[in-house]
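Worksheet: one structure, shown below.
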Amino acid sequence: MANSAYWPALVNWLQIDPSVITRESAAAGRYLCATTDIAPSTVLFTIPARFLLNSRSLGSHYPNSAQLSAVQLMSLHLCLCKPLGGAPSRDSLFGPYIDSLPTEFDHHPWEPTSEPPSVVKAMQELRARYDEDLAAVRTYVQNNLQDRTSALNADIFKWAWLNVNTRGIYHRLKKNRSDPDNLTMCPILDFANHQPQGPTMSLRTTQAEKTNTAPIARLGDPITVLSPPIHVKAGDELFLTYGAHPNSKLYVEYGFCVHQECPEVDVQDIVEPMFVDDAKRRVLVDSGYWGDWKLDASPAVSYRLVVALSALVASQEEMPLWKDMITGEREMVSTANEAAWKQIVQMICRKVIERAEAALSSANADRRVEILWRDELCAAQECMRVVSLSGARRGADAEARVSRRRCSALTTNSVNMAVEPLLSTRTQRAFILTVTLQAIIVLTMVEVRVDFSSTSSYKTLPCYLALFAFAEIFELFMAFDALRLRNTIQLMGILPVFHMALIVFAAIQIKETKDALVSKSAAECAAHFDMIRCDGSGSLYESVQPFLIVVPCIIAAAWLAMMFFVKELYSEFGWAIFHVVGANPKMKKMYQWYQILLCLLKFDFFFFVAVTMQLLIVVLVRNSAEFGVTIAAIPVVLVLLALAVLAVQREIKWLMSIALVMMLAALSYFRKLFVSLGNPHPFNDHPVFKLVRIYEPSTASQYATTRASLTIFTIVAFLLLFSTFAVGLRCFADFDRGLREAKVNGGSYTPVPTKLELFGGN
Ligand SMILES: C[S@@+](CC[C@H](N)C(=O)[O-])C[C@H]1O[C@@H](n2cnc3c(N)ncnc32)[C@H](O)[C@@H]1O
């Protein structure tokens, strides 16, 4: 039958009216698309079990079919029933379906041409699987179907086998979930092309899968296909995700490549020859870490490769430490060992880059092969960048320390919690030194050189200085904390945002201080000079002005230096995240939200204290009820913040719920305070605060600066708390999804499956 006529015959045979149809494109062959607008996750069609081509539906039609695997039996049936010479298939069981299959696989990669070595190896493995199946089917036919031996043509068998391999999907038919015979071909669904990300169709969980047993019905369960979880318009293509496969696998198993965000390279062909020591090879084989070693763009090196290379460079004495590492008892063998394997990784990267560049410079007729080489180049370049930033520079230091460390490393059983000990790299030390130095200089100037004791009536100035000193100490704490936790988000929060705000705040204070101090006109000062209220020679303002100007300059210079170090630290900490939660992109995303929340909670603390400080120093009347309420609020809020940290770290749902509700209450508190500050009228009857003094004409000028800064601080505190609440909800949604275990287990690195491994192929 002509291939274009398959569709009416197919739906007629299936006796369904699906809201989908097939179309054809030059790039991806036939594909499924919607015939009408479709609501999210709606049933598109159901294929009854008798129309599914698998070991159950075929088994009873072949004698001793248990001698064959599902792939072999399905391939045999297709081979015997292939439509020939333009006529329809003569198969009474699946004829209309077999007529809808592709007529040839000319473009499917079969003989290696100029693919990367790991792809060539995968192609050879696929061929070995094919040869084995062909041999098994030949034996079976000779023993059971003697009259059909001439029908077993190798070319036709290849066509049949490739159909099964590219169109077979997982379908529960056996007792054991991992039985390779849980495989079927499903009419209509098998027109769906692959899309690695984004909303795709899905299959309703079958009864057998729900009860985790073999299906009760003789032919198994039907397959119900659901539309993507979004609105689909008529004419839109409907995709499936075949699995989270790299291009090498898509190419070898399915014959196509797609754009990959995070390509990877299998480097077994480079690493294997490095193991000249048979004993180490055996250790890796016995522990299950032999092979499947990859470099990728993120996080750079697969954990299996880390384990293998650590063993490769470990001395005999270090092998017990290596064993502790793979059982999760320690993070790494030693700093020196890590530096050494990272150097080998760089060497591997160089080799991959060289060979990829050579392959890409020679014209390649096949676009797919070009993509495969580009993936290798991209993954190796990115890996090289990350590893050289994180390891090479400190490799030299580490090697110098190696002999000293080796003895102690061998005698200690302590678990290394971090990738590198705190402050062990030059970048970390330089970063913290910069923050500390600028804090010391600024604090010294603020506290020692600028004596405002004589201006105690002007509360604005001591308040500003107290705020500034607090901000410097807070920044120092945050910097240490970010390094300790390898928290890149916190680093970003400190630098471009917080430190920049400090510069602006310091710069504004030059004018604010002048406005607050110099209240007499030049004429008044000429008549009667007042050291505090006048400007000019001998005045207080003249003595503090140089410091007011120097402070923002120092902070700005420190900002530039810190920017440089943060860039380096960012790459260095990429490793740490990998060590904490592994390579899984979903897990990394969850970890990033978690880091953002912790960071926001710390900034909440700062802004809460800053607002409270200003209220207590300049606004509230001592001995008033409001003063007491504000003092009492301090421990409550600090406990709230601490509880929120605990709740998110341990994923305690009830505690997190309480923390979120309290955040909402605190938001309304800040909103009220903000409304009060924005109101030009006095607040004698404000329920919480009496901000009267700030607006009284007699004292208004003294508090002008504080009013502005208090308003800004209140807005920022409100926005921060609001963001904390929103991010808190996001993190709450991630509770019980494996992040806590990943953090606790640290070095287990078990990849969490992120996509349905739907289509066949191993
Ligand atoms: C299950 S079939 C899908 C229907 C198929 N296109 C057809 O013409 O019958 C799988 C095959 O579709 C093609 N394919 C699927 N997804 C693709 C994609 N994203 N890009 C290119 N080809 C794709 C490949 O040839 C693959 O082996």
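When a ligand or atom number is given, it counts from 1 through the structure's own listing order.
Checking only distances, Ala28 does come within under 3.5 Å of ligand 1, N or O to N or O. The shortest N or O to N or O distance between Arg30 and ligand 1 is below 3.5 Å. Considering backbone and side-chain N/O atoms, Tyr254 comes within less than 3.5 Å of an N/O atom of ligand 1. At a 3.5 angstrom cut-off on N or O pairs, His194 counts as close to ligand 1.
With rounding to the nearest 0.5 angstrom, the CG atom of Leu14 is 11.5 Å from the OG1 atom of Thr46.
Every atom of ligand 1 is numbered from 1 in the order shown, and the set under 4.0 Å from a heavy atom of Thr166 is 1 (C), 10 (C), 27 (O).
The nearest non-hydrogen atom to atom 18 (C) of ligand 1, considering only Phe191, Phe105, Phe256, comes from Phe256.
Contact between Cys257 and ligand 1 is absent, with no heavy atom of the residue lying under 4.0 Å from the ligand.
At a 4.0 Å heavy-atom cut-off, ligand 1 touches Tyr242 through the side chain alone.
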CA sep, side-chain torsions, deciding dist, call: Arg367, Glu370, salt bridge (charged side-chain N to carboxylate O under 4.0 Å, His left out): CA-CA 5 Å; Arg367 173 99 184 96; Glu370 197 184 316; 3.6 Å; yes
Evaluation steps, salt bridge (charged side-chain N to carboxylate O under 4.0 Å, His left out), between Arg129 and Asp133: CA-CA 6 Å; Arg129 259 165 46 210; Asp133 287 338; 5.9 Å; no
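Across every non-hydrogen atom of Ala208 and Ala214, the tightest pair is CB-C, 4.1 Å.
Judged by the 6.0 Å and 45° rule, Arg167 forms a cation-pi pair with Phe191.
For the side-chain contact (heavy atoms from CB on, under 4.5 Å) test with Leu52, the passing option among Ile169, Thr184, Asp221 is Thr184; the others fail.
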